[in-house]
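Computed from a predicted structure; not experimentally measured.
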Amino acid sequence: MEAEATPTRRIRVLPPEVADKIAAGEVVERPASVVKELVENSLDAGSSLVEVELEDAGIGLIAVIDDGEGMSREDAPVAFGRHATSKVRTVDDLFRITTLGFRGEALASIAAVSTTTLITRRAGDLSGTRVVVRSGAIVEVCEAGAPAGTRIEIVDLLGNTPARRKFLKSAATEVGHVSELITRTALSFPHVTFRLRHGSRTLIDYAGVSDPVDRLAQVFTRERASAMLPFHGRSAAGSIRGWLSDSHVSFPSNRHIYTYVNGRFVRDKLVSHALVAGYSTLLMHGRYPGAAVFIEVPAEDVDVNVHPAKSEVRFRRGGAVHDLITQAVKERLRAQGAPREAAAPQVPTAADALLRQMALVDPAARRPVGPLRLVAADGRAWAGSGAAPMLPQRPSRAAGIEAWQRGEPHPGVPPSHGHGSAAEAAVGWGNAAPALAPMPAAQPAAAEATQPAAGFFARLRVIGQAFEGYLVCQNGDTLFLIDQHAAHERVTFERLRTAYAAGGVARQRLLMPVVVDVGARSAPLLAEKVAELENLGFELEPFGGSSIAVRAVPALLADSDPATLIRDLADDFSEVDRSRQLSAAAEAVLARLACHSAVRVGQTLGTEQIRALLTSMDHIDFAHNCPHGRPAYITLPRSDLERLFKRT
Ligand code: ADP
Ligand code: MG
């Protein structure tokens, strides 16, 4: 419509302040999106150190400090202009983006809705430059002493757009987003040191490393990282490399999947679908792997500009990229030697925790054994070992299996126990094979002999594990069927209870606090009991709203998901009368936690894990019941068995 055709013009070009604020809305969604832009600028500037400081979850202050190339006196103020960038000069460049930032909009947008102070110096310059921008207007440019690199401070973020500020979630949520952002960025820049501080607390401190596996360990824990499978693949569509959790490890959400396209973190449906598809039936429905996956495709084949703040991409050859990912994952998992069919969801961490708790293995050692091999009645091993794949098989164990498969009694089974080899036992029981996993590699008798005064359970002769849930053991003329979950639960419960009675449960600090939304009802209940909960081994910090930051968990439960632990705790508290002292409820709470962390039925246990469990059963005042009142084991005397077979 022509402007002149109506008496009042209704269409106007927005004044620049308004336009700026709209544009800012795209970049400045929340503190984490500001941090993202600033950190990306630091990385584009070739920094090897990136530090982020927050006050008040970023609303008070966001500071990003780097040791990158810095800016000259001329460039520093120009950086705040809209479409000011040193990274794109021509339209063609747009399709060959190799840096993280390229729109030339970030600084302008951020400065439009805050007070921004930039202090920067190039290594070769004698002095640095300080630029202050308030609500988009440059108010100061002057000389300033500064270390080489750049420091940008944002205060009063969104102070001039109160409507948007209202939308910010709780502080905990905002800090969580920042810390997640830094973690995912850190995975793709292992050589860079990243630090995140919130107030006086250091939330992230990843020293730069030369081996990406070390960064993986910083993020996923050393233990998980060392069990991840490195993989790579290539096709006409591009190339892929990274690390996958083996199929025995799975998570209830895709939170532990980090995917990158050309170095840029993406959260893309196609990519994650392809990844999960690579696991096919190895994962139960609704379970996800952990992974760090780096995909490289020709820059012109991917549009990273779908949304400035979001991490979506658009592939020109989506189908081919999907195939590339799925194939590479499939192949790697096939090499893992995993069983074809989905095993019950196995969470080896609980079993690992068990091993550590019992201190039968050096805590520095990796997972010493994976799940036992299941052996069919004809003696063929049919399920691969899920042992930590990057570690060599223990020779003794492999040799033992072979000997066993040849029908020889295993050297680990002391001959004095006499009732035939494990093989015979398996075959004897094994009409419905593979129900029973024999024990090919029990600790050699000599090793056992060196352990002082083995107790009753430790001395049981282990025949195997049945139905991935029951330990079958023998003592003289009695068979013991032990419910592995109930037994471990009882052990954990007793340990927690003893520690609690003795004045406090040992705590394990988390590498990074985990912020858990426990619901508006439970959060204040937990908040009231923070001090008392320290005796239970928890270090919590209420964040207001419905969130609680978990800083430490009971050491015995260190391998459980802290979020689940806290939710369990919160559940207990919403049931417990709030006027009551925690001590009155402590037993119930500990029982619940113990149950949560115990090894599950459906989890294959390795020899050493079984041994550890049995040994630990000797160290507690073992009443027959797990805290929920179910029996932990039952016995079957030989005479009963013979009666069943009508031998007597
Ligand atoms: P873009 O990153 O898309 O180019 P920005 O608005 O984020 O746009 O930054 C504008 C310019 O300011 C960049 O192109 C770069 O030249 C300069 N710049 C921003 N941050 C830094 C930094 N930390 N170190 C050096 N130069 C920087
Ligand atoms: Mg940028």
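Atom CD of Glu174 is separated from atom OG of Ser179 by 12.0 Å, given to the nearest 0.5 angstrom. The structure places CZ of Phe194 at 9.0 Å from OG of Ser47, a figure rounded to the nearest 0.5 Å. A distance of 9.0 Å separates CG of Asn41 from OG1 of Thr150, quoted to the nearest 0.5 Å. The distance from the CZ atom of Arg507 to the CG atom of Leu557 is 13.5 Å, given to the nearest 0.5 Å. Interatomic distance, CG of Asp205 versus OG1 of Thr193, reported as 8.0 Å (0.5 Å rounding). Taking CG of Leu61 as the start and NE2 of His198 as the end, the distance is 10.0 Å to the nearest 0.5 Å.
Among residues two or more places apart in sequence or in another chain, the salt bridge (Lys or Arg N to Asp or Glu O under 4.0 Å) test is passed with Glu153 by Arg151. Partners of His191 by ring pair (Phe, Tyr, Trp, His ring centres under 6.0 Å), not counting sequence neighbours: none found. The salt bridge (Lys or Arg N to Asp or Glu O under 4.0 Å) search around Asp323 returns none, not counting sequence neighbours. Under the salt bridge (Lys or Arg N to Asp or Glu O under 4.0 Å) criterion, Asp56 pairs with no residue, sequence neighbours left out. In this view, Tyr260 and Phe265, Phe294 satisfy the ring pair (Phe, Tyr, Trp, His ring centres under 6.0 Å) rule, not counting sequence neighbours. Under the salt bridge (Lys or Arg N to Asp or Glu O under 4.0 Å) criterion, Arg201 pairs with Glu541, not counting sequence neighbours.
Considering only heavy atoms from C-beta on, Leu118 comes within 4.5 Å of Met71 through its side chain. A heavy-atom distance below 4.5 Å is not found between the side chains of Val293 and Val271. The side-chain heavy atoms of Leu203 and Arg551, taken from C-beta on, include a pair separated by under 4.5 Å. Phe315 is listed as a side-chain neighbour of Val261, based on a closest heavy-atom distance under 4.5 Å. Between Val213 and Met228, the closest side-chain pair of non-hydrogen atoms is not below 4.5 Å. Contact annotation: the side chain of Thr173 never approaches that of Val515 to less than 4.5 Å [non-hydrogen atoms, C-beta and beyond]. With contacts defined as side-chain heavy-atom distances shorter than 4.5 Å, the pair Leu324/Ser235 qualifies. Considering only heavy atoms from C-beta on, Tyr288 stays 4.5 Å or farther from Leu275 through its side chain.
A distance-only check finds a donor-acceptor pair linking the side chain of Ser272 to the backbone of Asp268 [under 3.5 Å]. In this structure, Thr326 contributes its side chain and Ala277 its backbone to no donor-acceptor pair below 3.5 Å. One N or O on the side chain of Arg121 and one on the backbone of Ala146 form a donor-acceptor pair closer than 3.5 Å. At least one donor-acceptor pair closer than 3.5 Å links the side chain of Asn262 to the backbone N or O of Val297. Not one N or O on the side chain of Ser239 forms a donor-acceptor pair closer than 3.5 Å with the backbone of Arg234. A donor-acceptor pair under 3.5 Å is formed between the side chain of Thr259 and the backbone N or O of Val266. No donor-acceptor distance shorter than 3.5 angstrom exists from the side chain of Ser114 to the backbone of Leu157, with no hydrogens or angles considered. A donor-acceptor pair under 3.5 Å is formed between the side chain of Gln218 and the backbone N or O of Ala207. With Arg332 contributing its side chain and His232 its backbone, the two residues share no donor-acceptor pair below 3.5 Å. Between the side chain of Thr120 and the backbone N or O of Thr129 there is no donor-acceptor pair closer than 3.5 Å.
When all heavy atoms are compared, the tightest approach of Val209 to Arg215 is CG2-N, 3.6 Å. The heavy-atom pair separating Gly278 from Lys330 by the smallest distance is O-CG, 3.4 Å. Nearest heavy-atom pair across Ser127 and Arg73 is OG-NH2, 3.4 Å. When every heavy atom of Leu229 is checked against every heavy atom of Ser245, the shortest pair comes out as CD1-O, 4.4 Å. In this structure, Ala111 and Val133 approach most closely via the heavy-atom pair CB-CG1, 3.7 Å. Contact between Pro562 and Val550 at its shortest, heavy atoms only, is CB-CG1, 4.4 Å.
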Quiz prompt | Worked check of side-chain contact (heavy atoms from CB on, under 4.5 Å) between Phe231 and Leu333 | solution = CA-CA 9 Å; Phe231 81 112; Leu333 293 172; over 6 Å; no
Quiz item: Would Leu107 and Thr116 satisfy side-chain contact (heavy atoms from CB on, under 4.5 Å), going step by step from the backbone distance to the final call?
Solution: CA-CA 9 Å; Leu107 285 185; Thr116 298; 5.6 Å; no
Quiz item: Passes side-chain contact (heavy atoms from CB on, under 4.5 Å), Glu69 versus Arg122? Steps please.
Solution: CA-CA 6 Å; Glu69 65 187 2; Arg122 296 185 301 180; 5.9 Å; no
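Between His256 and Phe220, the ring planes are tilted. Angles from 30° to 60° get that label.
Each of Ile154, Val52, Val50 was evaluated against Leu38; a single residue qualifies, Ile154, per the side chain to side chain contact (heavy atoms under 4.5 Å, CB included) test.
Other residues, nucleotides and ligands contribute only 12 or fewer heavy atoms inside 6.0 Å of the CZ atom of Arg134.
Asp67 and Ser48 are linked by a side-chain donor-acceptor pair at a separation below 3.5 angstrom, with hydrogens and angles left out of the test.
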